[in-house]
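Taking it in order: structure first as structure tokens, then the write-up.
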Amino acid sequence: MDHATVILFIVGGTALLSLPLGAYMKWAMDPAPGQANRWTALFQTIGGASADQNWKRYLVTLLVFNALMFTVTFVILATQQWLPLNPDERGALDPTLVFNTAASFTTNTNLQHYAGEVSMSYLSQLAGLMWLQFVSAATGIAALTALARGIAGRPGLGNFLMDVQRASFLVLLPLAVVVALLMVLGGMPMTLQGSAVATTLEGAMQTIARGPVAAFLTIKQLGTNGGGFFGPNATHPLENPTFWTNALAMVAIILIPMACVWMFGRIVGRQRHAAVIFTVMTAFILVKIAGAVIFESAPTPAFAELAVSEETGNLEGKELRLGATTGPLWAVLTTATSNGSVGAMHDSLNPLTGLMPMAGMWLNATFGGVGVGMINMFLYIVVAVFVAGMMVGRTPEYLGHKIEAKEVRFAILALFAHAVLILGGTALFAATALGQTTVQDPGAHGFSEILYEFTSAAANNGSGFEGLGDGTGPWNIATGLVMLLGRYLPIILPFAIVGSLMAKRRTTESAGTLGVEDATFGTMLGLTVVIFGALTFLPAAALGPLAEHFSLP
Amino acid sequence: MARQPTQSIFDTELLAPALRQSVVKLHPRILVRNPVMFTTGAAALLATVLLVRTAVSGGDFLFEVQIVFWLWLTVLFGNFAEALAEGRGKAQAAALRSTKAELRGKRIKGDSHQNVPASELRKGDIVLVETGDLIPADGEVILGVASVNEAAITGESAPVIREAGGDRSAVTAGTRVISDWIKVKVTAEPGTGFLDRMIALVEGASRAKTPNEIALTVLLTGLTLIFLVAVGTLPAFAAYAGGSLAVPVLIALFVALIPTTISALLSAIGIAGMDRLIRFNVLAKSGRAVEAAGDIDTLLLDKTGTITLGDRQATEFLPLSGIRDAELIEAARLSSLGDETPEGRSIIELAGQGEAAPDGSAVVGFTAQTRVSGLDIGDRKVRKGAVDAVLKLHAFEAAAVREMKSLTDRIARAGGTPLAVADGTRLLGAIHLKDIVKSGIKERFAELRRMGIRTVMITGDNPLTAAAIAAEAGVDDFLAEATPEDKLELIRKEQAGGKLVAMCGDGTNDAPALAQSDVGVAMNTGTQAAREAGNMVDLDNNPTKLIEIVGIGKQLLMTRGALTTFSISNDVAKYFAILPAIFVTLYPGLGALNVMGLASPESAILSALVFNAIIIPLLVPLALRGVTYRPQSAARQLIQNLGIYGLGGLIAPFVGIKLIDIAVSGLGLA
């Protein structure tokens with residue numbers, strides 16, 4: 001299939017699927033008072049309480065819950081050598097790696113400084129990591145639901161313990177079962193038996209790692225987690241056997257982030273507004289996909305001297321059995337959302353193609369992570385509404401809420417934090433032996449490796465540029481901290497904004513109010529994302545991918 | 001403060017002090033109020049220190065000295081803009097101050113009075129003001145009537161009447177009594193009076209930042225911090241690439257990127273907005289009120305004087321059946337002979353020539369209690385007045401009363417006010433008084449509707465009359481038979497529905513509503529209570545101005561938003577000018593990003609910095625005048641401003657920097 005067909009099929013098809021899913025998610029996450037579905041009673045029993053929480057209580061519950069998850073996972077990982085479900089007798093892990101991995105999976109990042117099949121026991125993979133792939137994603141959906149309720153002008157934000165159960169059992173689990181079955185049909189292994197041992201055609205003995213791959217992989221995609229069962233992630237033949245599992249995986253990557261926008265629109269009762277946001281996000285994603293596919297159609301200079309045909313573009317690091325388009329397409333999708341699974345070697349992408357995934361993570365809001373992507377976009381909306389609101393001659397308002405100093409302060413602080421985590425971390429590691437000794441390639445490409453790693457951690461993406469020796473103590477600790485800050489600051493600050501909005505008198509909208517449902521606002525929002533999000537990273541981009549591109553022969 | 005012709009911005013009289021002030025304002029304590037300009041100042045200082053080092057230890061001195069020069073100029077331009085905006089007010093304030101300094105009052109103690117300086121007068125003191133005296137303090141007339149010339153405040157030289165009791169009792173310090181005398185009870189402590197407030201206001205001394213201004217400052221400061229990180233991490237990145245970046249160059253990049261343009265003009269925009277109001281003869285008690293005016297959703301407008309001409313005109317005589325036209329007309333004329341009101345005069349005019357009042361007849365004047373007026377000719381009592389009041393005068397024939405009621409209903413439905421005419425025991429007919437809706441007012445309301453503002457007409461008329469006038473004038477809603485309590489209730493109801501309400505008023509009974517409304521404009525002729533309760537005072541006593549005030553508030557915010565957008569959009573071009581220039585030594589290939597084809601790295605950096613500096617004075621006229629504003633919907637407004645200032649902000653610096661580069665390289669400066 002040619003590029004355009006594949007892209008249209010994946011992106012357009014998923015966009016269509018996301019509409020009914022968004023409606024379903026609204027029903028599941030935020031049932032109207034009269035139609036509380038029968039699950040509500042069950043969740044109330046499990047959760048213990050279901051009282052409406054104010055923003056502070058909701059936030060504290062969320063954070064405590066996440067702290068507990070982090071602790072449990074830390075303990076499981078740190079003691080896996082003594083625990084059951086370890087048929088291949090995986091040994092003890094380095095403490096900094098345990099910290100990094102626990103942080104990584106709690107924060108929905110799934111940055112992996114290890115290769116799953118050689119380091120982790122099945123218990124670690126299933127009880128520690130896969131469990132977190134569910135609940136960390138559920139945390140994101142719950143947070144967005146609460147935020148939307150606040151914006152909708154409800155008296156309370158709902159109850160976190162209820163929401164996290166709804167997201168896990170009503171949204172993620174059913175979807176995961178369906179997708180996992182399709183994946184198994186596509187040839188993916190799903191077993192608790194240890195590695196298979198096979199005799200190859202040459203007569204050599206080969207140990208083939210396997211395990212409960214389908215279950216793990218499905219939620220990794222749906223929950224924008226991205227952590228693979230195997231080290232090579234979705235380029236491993238058992239983690240991504242065919243063209244169709246590949247296509248299905250890409251759909252799964254962007255499905256829920258897309259549906260989150262519709263759910264947000266339904267909860268705040270403004271679907272046209274949601275459509276504008278959806279369009280802006282889609283525009284960004286299409287620009288990045290187009291860029292990536294075009295830049296990747298240039299041959300890689302690394303092969304220039306070899307006797308290979310390069311008519312189809314850069315084939316280094318691609319899985320040819322999956323088709324030529326999917327490498328760059330996957331790279332964009334996985335970074336536009338905070339997924340981070342990889343379907344091609346990002347390190348081998350042409351420099352400008354490599355810039356596209358980075359841009360996706362710098363913005364982190366063009367669909368973004370499950371729930372949190374829309375929350376990040378909310379920050380840009382606050383800034384866009386503020387500037388545009390002044391331009392129409394009124395105190396800026398968003399859906400009847402006045403945007404004033406407090407809201408602007410929190411929004412800009414969150415954007416500032418994102419910049420500091422990425423640029424500050426990169427500066428520290430680029431200027432010192434901490435990073436310089438771990439890069440694989442010299443020059444601008446090595447710089448891109450460091451920049452990419454911090455970008456991925458701060459955006460809670462989890463993909464790696466690879467080539468970087470990131471398994472060191474300093475890398476584990478630094479990216480671990482960046483992931484934690486990069487996860488919770490962009491939840492805490494928007495919650496504080498909504499808390500402040502809820503305390504104010506709501507205004508009504510009129511022809512004099514800034515409209516948020518038309519193309520003009522979409523343009524304004526897009527410009528804001530570019531100027532406040534992307535421009536900050538232009539100098540870094542110049543020294544990484546751009547410098548590399550322009551120094552190519 | 002007479003209304004002045006619009007002064008040119010570059011009036012030499014204002015220019016010199018503004019230039020001096022721009023240096024004075026370099027003081028850190030003044031500069032720190034504007035975080036972005038303070039940061040720019042700090043950056044300039046750092047560059048200066050580094051320049052000294054270069055001078056001692058060698059380096060590209062010529063290049064660095066130019067960077068330092070333009071950095072300081074950026075700060076000075078910002079100060080200059082602010083000083084220029086303040087200058088106009090300062091000149092006015094000086095005039096007011098000299099008036100204030102010479103104020104003395106005759107304080108009454110027992111039977112005598114004593115001449116004391118105004119600064120010694122306290123609240124509650126009573127002063128005597130006689131012909132030719134300046135009123136020494138704000139106060140309330142408690143005895144006497146006088147005509148007062150208020151030109152010192154309003155610029156209007158026609159004297160006004162001030163009298164004890166009623167709605168015309170407030171007097172203002174600095175105005176002059178030109179006939180008669182009054183006793184005034186002082187209502188303001190020294191330093192808190194109207195004059196003081198006006199001085200502070202025009203001078204900008206007490207100009208507190210408004211909520212929107214604070215929020216914008218937060219945004220700009222946050223953006224500055226983000227760029228501090230973006231630029232501050234570059235040395236580390238360069239170190240990785242095995243090179244280093246010159247600090248002055250990094251400072252230049254930093255200052256070019258941070259939003260200096262809007263920050264430099266921010267306070268000038270605010271001052272100019274207030275100044276625009278003042279020149280419009282409206283005094284706002286705070287900048288907050290001006291901004292709130294831009295947010296108004298509902299305008300409460302009094303019918304009389306705002307929507308209709310102040311006076312109603314008689315347009316028709318309607319006799320009851322069996323009464324001759326001439327008889328009614330004659331009775332109406334006679335009853336109005338002693339009526340000096342415009343309505344009375346319009347009746348006589350409509351009735352045409354007739355006899356003068358017969359000898360021995362006595363005029364019966366209108367009182368609020370009887371609500372009728374007329375003429376007694378011997379025993380004959382000719383009366384006209386409010387229908388219900390006339391009907392109470394006598395037990396008229398039932399059939400006549402019925403007919404009168406249907407007649408008056410018809411008049412009311414047509415938007416008129418009916419007056420009944422009676423001659424003794426006989427009911428003669430009705431006079432149709434018509435409210436004349438001001439020409440052009442309907443179009444104004446349509447404009448307001450497009451801006452999303454709802455107009456509500458407030459009137460004492462009955463609902464029928466009110467509905468007819470409301471339809472004719474094109475208001476969105478009306479409140480008929482309105483009492484001050486009704487007004488207050490309406491404001492509360494609107495506010496509970498999330499709306500911001502503006503109104504104007506003058507009487508004491510308007511004070512609660514003025515205080516409750518988000519923007520309350522008190523008429524200067526109004527009572528002290530009304531003037532205290534409102535957050536603006538209209539010196540011209542023109543209620544229609546409310547519409548313009550809303551426009552001024554909107555224009556103020558729009559100017560800020562437009563220049564913010566312009567300032568931030570400029571960054572794209574600046575990046576493309578400076579980034580290739582500073583990175584080309586590390587990676588020669590990055591020269592490809594020099595899309596403008598700038599002559600040399602030094603010239604590129606300098607050109608971006610020069611553009612960044614001179615755009616400030618170039619935009620000063622816009623900041624002071626405000627962006628072009630037409631009443632239209634928010635959506636159209638946004639498209640227009642986004643097109644001009646967003647797109648313009650993207651393109652203009654590409655052109656500007658290229659031109660400056662040609663000049664800089666042509667002159668051999670870099």
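Basis for what follows: all heavy atoms, side chains included, without hydrogens, waters or symmetry-related copies. Protein chains get the first letters and strands the later ones, always in sequence-line order, with residue 1 at the start of each.
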Does any backbone or side-chain atom of [X] lie under 4.5 Å from a heavy atom of chain B? Answer side chain, backbone, both or neither.
X       : value
A519(A) : neither
R505(A) : side chain
A411(A) : neither
T426(A) : both
V530(A) : neither
F416(A) : both
T508(A) : both

Interchain contact, [X] with chain A, by part (heavy-atom threshold 4.5 Å):
X       : value
L216(B) : both
L223(B) : both
Q495(B) : both
S633(B) : both
I639(B) : both
R454(B) : neither
F583(B) : side chain
L219(B) : both
V627(B) : neither

How long is the straight-line distance from [atom2] of [Y] back to [atom1] of [X], given to the nearest 0.5 Å?
X       : Y       : atom1 : atom2 : result
I226(B) : H418(A) : CD1   : NE2   : 10.5 Å
M558(B) : R394(A) : CE    : CZ    : 10.5 Å
R636(B) : T520(A) : CZ    : OG1   : 10.0 Å
F237(B) : I450(A) : CZ    : CD1   : 9.5 Å
K406(A) : I214(B) : NZ    : CD1   : 13.5 Å
T395(A) : E291(B) : OG1   : CD    : 6.0 Å

At a heavy-atom distance under 4.5 Å, which candidate from [options] has the highest pair count against chain B?
options                            : value
A547(A), G400(A), A431(A)          : A547(A)
V387(A), V408(A), V392(A)          : V392(A)
L535(A), T507(A), L514(A)          : L535(A)
A444(A), G515(A), G389(A), G424(A) : A444(A)
G443(A), A417(A), G435(A)          : G443(A)
F537(A), F532(A), F429(A), F521(A) : F532(A)

How close do [X] and [Y] get, counting heavy atoms only, and between which atoms?
X       : Y       : value
D518(A) : A635(B) : OD2-CB, 4.0 Å
L579(B) : A542(A) : CD1-CB, 4.5 Å
G393(A) : K554(B) : O-CG, 3.2 Å

(request) Flag the pair I531(A) / D571(B) as yes when at least one side-chain heavy-atom distance between them is below 4.5 Å, and no otherwise. (result)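 They are not in contact (no side-chain heavy atoms under 4.5 Å apart), so the answer is no.
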(request) Report yes if some heavy atom in the side chain of L234(B) is under 4.5 Å from a heavy atom in the side chain of L543(A); otherwise report no. (result)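 Counting from C-beta outward, L234(B) and L543(A) do come under 4.5 Å.
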(message) Is it the case that over 12 heavy atoms from other parts of the model lie below 6.0 angstrom from the CZ atom of R154(A)?
(response)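 Correct, the count exceeds 12.
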(message) Around atom NZ of K504(A), are there more than 12 heavy atoms from other residues, nucleotides or ligands closer than 6.0 Å?
(response)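 It does: K504(A) NZ has more than 12 such atoms within range.
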Partner chain A: residue of [options] with the largest heavy-atom pair count (under 4.5 Å):
options                            : result
D295(B), L253(B), V218(B)          : D295(B)
T565(B), L228(B), V550(B)          : T565(B)
L650(B), L593(B), N212(B)          : N212(B)
G589(B), A236(B), A634(B), A496(B) : A634(B)
P588(B), A592(B), G553(B), A239(B) : A592(B)

(request) Answer yes or no: is there a donor N or O on one side and an acceptor on the other, between the side chain of Y240(B) and the main chain of Q436(A), under 3.5 Å? (result)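 Answer holds: no.
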(request) Kindly determine whether M524(A) and L642(B) satisfy side chain to side chain contact (heavy atoms under 4.5 Å, CB included), including the steps that lead there. (result) CA-CA 8 Å; M524(A) 184 72 206; L642(B) 204 56; 3.4 Å; yes
(request) Step through it carefully: locate the ring centre of Y587(B), locate the ring centre of F550(A), and say whether they are under 6.0 Å apart. (result)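 When the ring centroids of Y587(B) and F550(A) are compared, they turn out to be at least 6.0 Å apart.
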